[in-house]
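Can you read through this structure? Questions will come right after.
Each chain gets a letter, A, B and so on, in the order the sequences are listed, and its residues count up from 1.
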Number of protein chains: 2
Amino acid sequence: MNEKKNKNNKVSLSEVARAAGVSKMTASRVLRGEGGYSEKTRATVMEKVDALGYLPNRLATVFAGDKASTFVGVSIPDLGNEVFAQVLEGIDRKLGSFGHQTVLGLTQHTLAQEEAWIQTVLSWQPAGLILTGRYHSNRSMEMLLNAGIHVVEIWDLNSSPLDMSVGLNHFDSGFDMGRFLVGRGYRHIGYVGTWHDAANAASTRLDGFCKAVEQSGGTVARQLCLHDTATYYPGYYGTEQLLASTPDLECIYYQNDAMAFGGLQFCQSRGMRIPDDIGIAGWGDLPITAILPRRMTSVHVPHLKLGQAAAEMMLARLSNEPVPAVRDIGFRLIPGSTVSAADP
Amino acid sequence: MNEKKNKNNKVSLSEVARAAGVSKMTASRVLRGEGGYSEKTRATVMEKVDALGYLPNRLATVFAGDKASTFVGVSIPDLGNEVFAQVLEGIDRKLGSFGHQTVLGLTQHTLAQEEAWIQTVLSWQPAGLILTGRYHSNRSMEMLLNAGIHVVEIWDLNSSPLDMSVGLNHFDSGFDMGRFLVGRGYRHIGYVGTWHDAANAASTRLDGFCKAVEQSGGTVARQLCLHDTATYYPGYYGTEQLLASTPDLECIYYQNDAMAFGGLQFCQSRGMRIPDDIGIAGWGDLPITAILPRRMTSVHVPHLKLGQAAAEMMLARLSNEPVPAVRDIGFRLIPGSTVSAADP
DNA sequence: AAGAGCTAAGTTACCCGTAACGCAATTGAA
DNA sequence: TTCAATTGCGTTACGGGTAACTTAGCTCTT
């Protein structure tokens, strides 16, 4: 765009040093505020930095020091799901305020994409990785161990993490909901979710849910797993399918709140009253819930806090502070009013 | 974690080469598939690559070639707003499928944070930057020009972009909505949005909206700009405030759909009927709209496509293909049913 | 007055790949 | 057979910083 500096058209430290009449090393010391220079030298160097518009090349720093960068790789399944967007926001805000950068990787819920992304991102010498989920391909784990890199696994609580883990017990959150629904009088219950090629948090919730329902004397009469995204409309038509094949359900548990809202709308569109004709329960406690007249029966998770906690653990590890390997961020069952009221 | 390789505990190309009994250069050629080696050599090198778990150091590659990395910096105001999450998803999916990485920066709608992030991310020698919005601090623009880097400005259509731009005409989208609402018989209209320290897309929409309403014989009786986030609950209580001071409004236009939903809920909670007692219009066409019985009057924007288009423009520029400097992604007014029906 | 101790620099080597060039051995054509 | 072209691989230099070491000049002490 303007005058050539070098091949790359960028001002290097050498040029600043030459302009200031000092050596590279002195200029480097000034820029790092390391000391060992006079005030006069400092002023001259800084003046030239401004004049030439010098921007340091952090690649070279990392390269020279043979140390890790300030990058933190963050893998997220997708951002269409509001909850993951919030987790990512929590992570990036915290990392950013400590001078670190988020390198994003969307895996679309597949281990293969995660693996490809891990391979790429590792080649940039990141300071650490934050991965969603506790399941990774064998090659992924091999690469992570081989790189000897710090890893925080989020979302699922993982009692034997690769390195560190922060999340919640999805099994328990499903279990609690199962017991809660049976406690509210439901016995014949259905499930609507989406299909996945590998175990994940949603399937863990369903496991816990089924166990609790069966223990308490209810039955999960039908589980519908759609080949679709876990969003509003699949919740809508999934409910239609479920009720077409199993019309006598008393209550439906959904993979998440978005699907539950879809189901709620389907039921209402067919003239069913909630919760008199059918109960609805979701997971995740979407923000929109806060302003709706009828609160969704759901499980609240502190998503932003989860992201921040993950970033904090990574930052602590990077500065060699002691970090507990596992942190439980917890959850809270929201009784809501899309299921029948408790008996007085 | 395991045996020391060098200071960094990482396997370098030299070690692979030594193990394979060839020079670094030959190993490098094999890994890049550049040719100039025998099949036997290739096999030996690749075997050692696998055996040692070698991962290339892309930092060194960039550094050696004195060229740009495969990083693309992407600045986004926040991810609490679903529409930006979708834009980011579109960007990252497209970039990822072409071997590029997204380095995220959340600016929280402030130019100062954007500036700080630009400075940091530039020091990592990114291939390019994708920035949300057309407004940047002077120092930001100076740094961008100085770095001679490719930039795509998204969101606002910008007829004289720094480099490239893709988005929509927010003024027009506000203008169209203004004319539409007056066409539906509304004259006394209010606005609820949030306050910003600098001009942005939302304020541009409001400008267009006001102009259209006034041109068509209506008035924007009151504009309420909250010091809060543009989310559901501020829409709720903002509507309460607005109606407390100006109870005779016939219709309210909101900064976005989230706030509009908040307003809708507030009105309904006070027993007002929509659209008989008051009209509601938003912007952005949130996904949840698709399953609600009453479609929000709004403006649809192809968010995912916008993100993909931004990534495509960047990728085209990086491979020296011709790229139009400006691309209009368009929008579509959704009449919805939260405003009175058209006269027959 | 001479050495100890400090300050404010400069010098050298190195990080890990790749561009550019060099060169020996083999192949092919005249 | 002889020379040119090609193949296969090695050598050298380099990029932008920084660690580690060196050095010149000054101050202070005894």
Tell me if the side-chain of A:Arg58 makes a donor-acceptor pair with the base of D:dG16, cut-off 3.5 Å, by modelled atom types.
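For A:Arg58, whose side chain was compared with the base of D:dG16, there is no donor-acceptor pair (under 3.5 Å).
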
Measuring from the side chain of A:Ala64 (C-beta onward, heavy atoms only), which nucleotide among D:dC9, C:dC15, C:dT18 has the closest atom?
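Closest nucleotide to the A:Ala64 side chain: C:dC15.
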
Between C:dC16, C:dG10, D:dA19, which one does the side chain of A:Arg29 approach most closely?
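Ranking C:dC16, C:dG10, D:dA19 by closest atom to the A:Arg29 side chain puts C:dG10 first.
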
Hey, are A:Arg139 and A:Glu115 close enough for a salt bridge, meaning a charged N less than 4.0 Å from a carboxylate O?
yes

Are any of B:Ser28's side-chain N or O atoms less than 4.0 Å away from OP1 or OP2 of C:dT18?
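Answer is yes, contact under 4.0 Å.
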
Is the shortest side-chain N/O distance from A:Thr61 to OP1 or OP2 of D:dG16 below 4.0 Å?
no

Mutual orientation of the aromatic rings belonging to B:Phe63 and A:Phe63 [parallel < 30°, tilted 30-60°, perpendicular > 60°]
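If you compare the ring of B:Phe63 with that of A:Phe63, the planes turn out perpendicular.
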
Would one find a side-chain N or O of A:Thr41 under 4.0 angstrom from OP1 or OP2 of C:dA8?
no

Closest to the B:Ser23 side chain: D:dG10, C:dT18, D:dT18?
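Selected nucleotide: D:dG10.
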
Are A:Arg93 and A:Glu89 within salt-bridge range, i.e. N to O under 4.0 Å?
yes

For B:Val62, answer base if it contacts any base atom (sugar-phosphate contacts may also be present), sugar-phosphate if it contacts only those atoms, and nothing otherwise; contact means non-hydrogen atoms under 4.0 Å.
nothing

Salt-bridge contact A:Glu39-A:Arg42 (side-chain N to carboxylate O under 4.0 Å):
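Salt bridge flag = yes for A:Arg42 with A:Glu39.
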
Of all the nucleotides listed (D:dG10, D:dG17, C:dG10), which has the minimum atom distance to the side chain of A:Leu13?
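Of the options given, the side chain of A:Leu13 lies nearest D:dG17.
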
Taking only N and O in the side chain of B:Tyr54, is any of them less than 4.0 Å away from OP1 or OP2 of C:dG17?
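Indeed, a polar side-chain atom of B:Tyr54 lies that close.
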
At less than 4.0 Å, is any side-chain N or O atom of B:Arg32 found next to OP1 or OP2 of C:dT18? Yes or no.
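So the side chain of B:Arg32 is within the cut-off, an N or O lying under 4.0 Å from OP1 or OP2 of C:dT18.
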
Reckon A:Phe63 touches a base, only the sugar-phosphate, or nothing at all at heavy-atom distances under 4.0 Å?
base

What I want to find out is whether B:Glu312 reaches B:Arg327 closely enough, with some N-O distance under 4.0 Å, to be called a salt bridge.
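Answer for the salt bridge query: yes.
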
Taking only side-chain N and O atoms of A:Ser38, does any of them lie within less than 4.0 angstrom of OP1 or OP2 on C:dA8?
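Checking C:dA8 against A:Ser38, no side-chain N or O comes under 4.0 Å of OP1 or OP2.
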
For D:dC9 and B:Thr26 - does any side-chain N or O of the residue sit under 4.0 Å from the phosphate oxygens OP1/OP2?
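For D:dC9, neither OP1 nor OP2 has a side-chain N or O of B:Thr26 closer than 4.0 Å.
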
